[in-house]
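Reading through the structure tokens given below for one structure.
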Amino acid sequence: VNKAMQWFELKCSEPAYGKIKAERACACLNEILQNMDECILACSILHKTKLKLTDVNLKTLLLDLIDQQREAHQGEKVPKIELDYRLPNYVVYSSAECLTLIVRNLLDNAVKFTEEGHIRVSCEEDKSRHVLRFVIEDTGIGIRPDESDRIFERFYKVDTFTKGSGLGLAIANEIMELVGGRIYLD
């Protein structure tokens, strides 16, 4: 895949191809490759018989993912992404790989569909049920009630013109089910 990308970049640098056309094609190919990487990672997680479990500091994980989003969209107009400052230093024994993929997909979606306003990330403890709940709240375009169940289907896209494969939420949902959790729209 990397060799194909190198060949494509070399080909696009030829004057006859046109700089703007080449930049658009490279950006499109890069997005396809990123989606492929994420799908391969998700498939490997979903098909593992034994997940690697470690102590995961949730505040550190969430701050890292928020920083990654900011870096990925540097120079673009994106909403403010903030972590609830009251979040304690929860440390859970879990798969950092799974948690990262789930939260990254949820954040990607929030950024993609929020042009103005904010995205707030928090984590709440439900002591009676012995669970932690991640909350990703945004001021984005929202989801119509008739589509709320479909957004977790593979390849389903609310807006077919928006970037992405329609796999992010489906992958996050499948991984959550694998680890005994669930994702829902509130």
Side-chain angles (χ1 to χ4, degrees), residues 31 34-35 37-39 41-42 45-46 51 56-74 76-159 161-186:
E31 183 184 341
Q34 286 175 344
N35 285 337
D37 283 348
E38 189 164 300
C39 288
L41 175 62
I45 290 171
L46 290 169
L51 295 172
V56 181
N57 182 306
L58 296 181
K59 191 172 199 171
T60 302
L61 178 106
L62 294 173
L63 284 169
D64 287 347
L65 289 170
I66 289 169
D67 285 344
Q68 288 173 20
Q69 283 291 331
R70 288 180 183 139
E71 287 174 23
H73 298 283
Q74 202 169 18
E76 299 174 29
K77 184 182 177 206
V78 293
K80 181 179 179 182
I81 306 171
E82 53 193 38
L83 181 65
D84 185 343
Y85 67 91
R86 299 168 296 175
L87 179 66
N89 276 320
Y90 290 123
V91 176
V92 296
Y93 189 67
S94 186
S95 166
E97 204 175 32
C98 288
L99 289 173
T100 298
L101 193 55
I102 291 165
V103 176
R104 181 181 297 128
N105 281 332
L106 295 173
L107 277 174
D108 283 347
N109 246 44
V111 168
K112 194 182 305 179
F113 294 104
T114 306
E115 290 184 15
E116 292 182 10
H118 68 272
I119 298 168
R120 190 168 295 120
V121 180
S122 61
C123 188
E124 304 167 349
E125 183 179 12
D126 183 342
K127 290 181 181 182
S128 65
R129 294 178 43 216
H130 303 288
V131 296
L132 290 173
R133 180 179 19 254
F134 290 94
V135 179
I136 313 253
E137 172 193 335
D138 64 60
T139 56
I141 61 172
I143 299 185
R144 293 191 335 247
D146 62 316
E147 292 184 303
S148 63
D149 290 335
R150 298 208 57 211
I151 62 170
F152 299 110
E153 294 174 11
R154 289 181 182 189
F155 303 107
Y156 183 75
K157 292 174 69 168
V158 173
D159 176 0
F161 296 104
T162 303
K163 289 199 286 187
S165 61
L167 287 171
L169 291 178
I171 288 168
N173 192 45
E174 287 180 39
I175 293 171
M176 277 301 289
E177 288 174 356
L178 178 73
V179 297
R182 70 183 191 101
I183 296 178
Y184 57 92
L185 184 64
D186 198 11

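Here the structure is a predicted model, which means the values were calculated and not measured.
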Of the non-hydrogen atoms in Asn57 and Thr60, which two are nearest, and what is the gap between them? OD1-N, 3.0 Å
What is the distance from atom OH of Tyr184 to atom CE of Met176, rounded to the nearest 0.5 Å? 9.5 Å
All heavy atoms of Pro79 vs all of Gly117, minimum pair found to be CB-O, 3.7 Å
Does Glu82 CD have over 12 foreign heavy atoms under 6.0 Å away? yes
Where is the tightest heavy-atom contact between Ile136 and Ala110, given as atom of each residue plus distance? CG2-CB, 4.1 Å
Roughly how far, to the nearest 0.5 Å, is CG of Leu63 from CD1 of Ile81? 12.0 Å
How long is the span from the CD atom in Gln68 to the CG atom in Leu107, to the nearest 0.5 Å? 9.5 Å
Can you name the closest pair of heavy atoms from Asp84 and Ser122 and give their distance? CB-CB, 3.6 Å
Please evaluate residues Thr100 and Val56 with respect to the criterion side-chain contact (heavy atoms from CB on, under 4.5 Å), reporting the C-alpha separation (whole Å), side-chain torsions for both, the decisive distance (0.1 Å), and the verdict. CA-CA 10 Å; Thr100 298; Val56 181; over 6 Å; no
Would you confirm whether Ser148, through its side chain, and Ile143, through its main-chain N or O, come within 3.5 Å as a donor-acceptor pair? no
Non-hydrogen atoms of Leu58 and Val92 that approach each other most closely: CD2-CG2, 3.8 Å
Write down the atom of His118, the atom of Thr139, and the distance for their closest heavy-atom approach. N-OG1, 3.0 Å
For Arg150, is there an ion pair with Glu153 - N to carboxylate O distance below 4.0 angstrom? yes
Would you say Gln69 and Ile66 make side-chain contact, with heavy atoms under 4.5 Å? no
Calculate, to the nearest 0.5 Å, the distance between atoms CZ and CG belonging to Phe113 and Asp108 respectively. 11.0 Å
The reported gap from CZ in Arg70 to CG in Leu65 (rounded to nearest 0.5 angstrom) is 11.5 Å
Could you tell me whether a side-chain N or O of Asn105 sits under 3.5 Å from a main-chain N or O of Leu101, the two making a donor and an acceptor? yes
Measuring from Leu132:CG to Cys123:SG, what's the distance to the nearest 0.5 Å? 4.5 Å
Go through Leu169 and Ile183 one step at a time and tell me if the side-chain contact (heavy atoms from CB on, under 4.5 Å) criterion holds. CA-CA 9 Å; Leu169 291 178; Ile183 296 178; 5.8 Å; no
When you look at CD of Glu116, are more than 12 heavy atoms from neighbouring residues, nucleotides or ligands closer to it than 6.0 Å? no
